[in-house]
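Notes follow the structure.
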Amino acid sequence: MGAIGARLAGQEPVLVALDFDGTLTEIVDDPTAPSLTAGQRDVLTRLPGPARRLAIVSGRALGDIRTRVGIRDAIYVGNHGLEIEGPGIEPAWRPDPSLPSRLAMLLSSLPTDGVAQVENKNRTATLHVRPRDDHERHAALGTAIRRRVEAAGFVLRPGKASWEIRPRGAPDKGVVLLDLIASIPGASARHTVYIGDDTTDEDAFRALSEGLTVRVGPTVRGTAAHYSLPSPSAVYEFLERLIAG
């Protein structure tokens with residue numbers, strides 16, 4: 001922690017940006033189930049302060065992630081960056097008003113073989129595949145829906161036991177994080193910590209090449225993250241050390 005602490009030292013505020021599923025909580029069979037324990041919420045509550053800002057950056061809808069985390073001083077980034085809310089923060093991207101109806105129409109037209117749950121988040125959608133380790137089912141679903149998704153003006157991206165549907169041309173987590181850094185007086189990419197666990201977090205890792213980036217879970221070949229942690233519990237141990245200085 002000494003080298004990391006030295007890297008983050010200085011007068012500039014430190015932005016700590018954290019993914020939720022798979023980073024702050026374990027991935028579970030029921031996508032609606034993950035929540036923070038009292039001890040986990042206590043750690044996160046102690047992160048924001050005069051020298052640090054906290055951002056929760058999730059693929060979940062903004063209202064969903066705000067309710068699950070429940071920390072007043074945090075910045076919340078939902079839908080992989082398409083929604084943002086926090087003290088002094090203004091969204092840089094505004095969706096086409098027709099987006100929710102176009103997305104709903106697309107979802108109603110997709111085959112559901114292999115889909116355990118369709119999560120419509122109005123700006124993006126997640127198709128959850130279960131069992132979580134059924135890689136053949138995951139791949140087959142992507143093949144079955146890709147052409148229809150792209151023809152409707154959306155982009156299909158793989159996630160952990162899921163497929164993400166996003167509007168074409170929308171910013172990703174990396175773009176949104178750079179916009180967020182620019183909106184915080186004194187903040188910089190070098191003094192930003194980003195921790196995530198999935199393919200959509202790679203956008204943030206690449207954008208924050210000067211920052212401190214951490215991928216959670218088994219070692220992944222080709223990740224752009226600088227460091228790795230084995231599990232969400234290790235994330236909280238790291239955050240405790242960060243708070244202690």
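The model shown is predicted, which means the values in this text are computed figures rather than measured ones.
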Roughly how far, to the nearest 0.5 Å, is [atom2] of [Y] from [atom1] of [X]?
X	Y	atom1	atom2	value
D19	S58	CG	OG	6.0 Å
L212	I195	CG	CD1	8.0 Å
I145	F154	CD1	CZ	12.0 Å
T112	L107	OG1	CG	11.5 Å
D197	L24	CG	CG	9.5 Å

[X] side chain near [Y] side chain, heavy-atom distance below 4.5 Å:
X	Y	result
V115	L110	no
S228	T223	no
N122	L103	no
V214	V235	no
V176	V57	no
L18	L47	yes
I71	I56	no
V77	K173	no

key: Residues which pass ring-ring contact (aromatic ring centres under 6.0 Å, His included) with H138, listed by chain and number, not counting sequence neighbours   =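 So H138 forms a ring-ring contact (aromatic ring centres under 6.0 Å, His included) with W163.
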Indicate yes or no for a side-chain donor-acceptor contact from [X] to the backbone of [Y] under 3.5 Å, with no hydrogens or angles considered.
X	Y	answer
E202	A224	yes
S108	L106	no
D172	V175	yes
D198	K160	yes
R166	P171	yes
R168	E150	yes

message = Out of the candidates N120, L127, V118, only one should pair with I165 under the side-chain contact (heavy atoms from CB on, under 4.5 Å) rule; please name it.
response =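 For I165, the side-chain contact (heavy atoms from CB on, under 4.5 Å) check succeeds only for L127.
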task = Using the test side chain to side chain contact (heavy atoms under 4.5 Å, CB included), find all partners of P131 that sit at least two apart in sequence or belong to another chain.
result =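 P131 satisfies side chain to side chain contact (heavy atoms under 4.5 Å, CB included) with D133, D134, R137 once adjacent residues are dropped.
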Heavy-atom pair with the smallest gap, counting every atom of [X] and [Y]:
X	Y	result
T67	G63	OG1-O, 2.9 Å
T192	S188	OG1-O, 2.8 Å
G142	L156	O-CD2, 3.8 Å
R215	T199	NH2-N, 4.3 Å
P34	E26	CG-O, 4.4 Å
P48	D73	CB-CB, 4.0 Å

task = Consider only side-chain N and O atoms of S98 and D96, and report whether a donor and an acceptor are under 3.5 Å apart.
result =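 Yes, side-chain donor-acceptor contact under 3.5 Å.
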Can you hop from [X] to [Y] via hydrophobic side chains spaced under 4.5 Å?
X	Y	answer
V43	I75	no
I27	I65	no
L54	I89	no
V69	V193	yes
L229	I243	yes

Does any pair with a residue in [range] pass salt bridge (Lys or Arg N to Asp or Glu O under 4.0 Å), and if so which ones, sequence neighbours excluded?
range	answer
residues 102-130	K121-E164
residues 59-68	D21-R60, R60-D64, D64-R68, R66-E85
residues 33-45	D42-R46

By side-chain hydrogen bond (donor to acceptor under 3.5 Å, both in side chains), which residues pair with [X], not counting sequence neighbours?
X	value
H226	T213
S231	S233
T124	N79
Q117	none

Members besides V220 in its Ile/Leu/Val/Met/Phe/Trp/Tyr cluster (side-chain heavy atoms under 4.5 Å) =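 For V220, no cluster forms, as it stays isolated from other hydrophobic side chains.
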ask   = Can you pull the ring pair (Phe, Tyr, Trp, His ring centres under 6.0 Å) pairs that have at least one residue in residues 47-81, sequence neighbours excluded?
value =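 Counting only pairs at least two positions apart or across chains, no ring pair (Phe, Tyr, Trp, His ring centres under 6.0 Å) contact touches residues 47-81.
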inquiry  = Tell me which pairs pass ring pair (Phe, Tyr, Trp, His ring centres under 6.0 Å) where either residue lies in residues 197-217, with sequence neighbours left out.
reply    =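 Sorted pair list: Y194-F205.
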Verdict with supporting geometry, F238 and V216, side chain to side chain contact (heavy atoms under 4.5 Å, CB included) = CA-CA 12 Å; F238 171 82; V216 182; over 6 Å; no
request  = Before accepting this row, confirm whether a basic side-chain N of the pair R157/D203 lies closer than 4.0 Å to the acidic partner's carboxylate O.
outcome  =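 Yes, R157 and D203 are salt-bridged.
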request  = Determine, step by step, whether L208 and I181 satisfy the side chain to side chain contact (heavy atoms under 4.5 Å, CB included) criterion, reporting the C-alpha distance in whole Å, the side-chain angles of both residues, the deciding distance to 0.1 Å, and the verdict.
outcome  = CA-CA 10 Å; L208 297 173; I181 291 167; 3.7 Å; yes
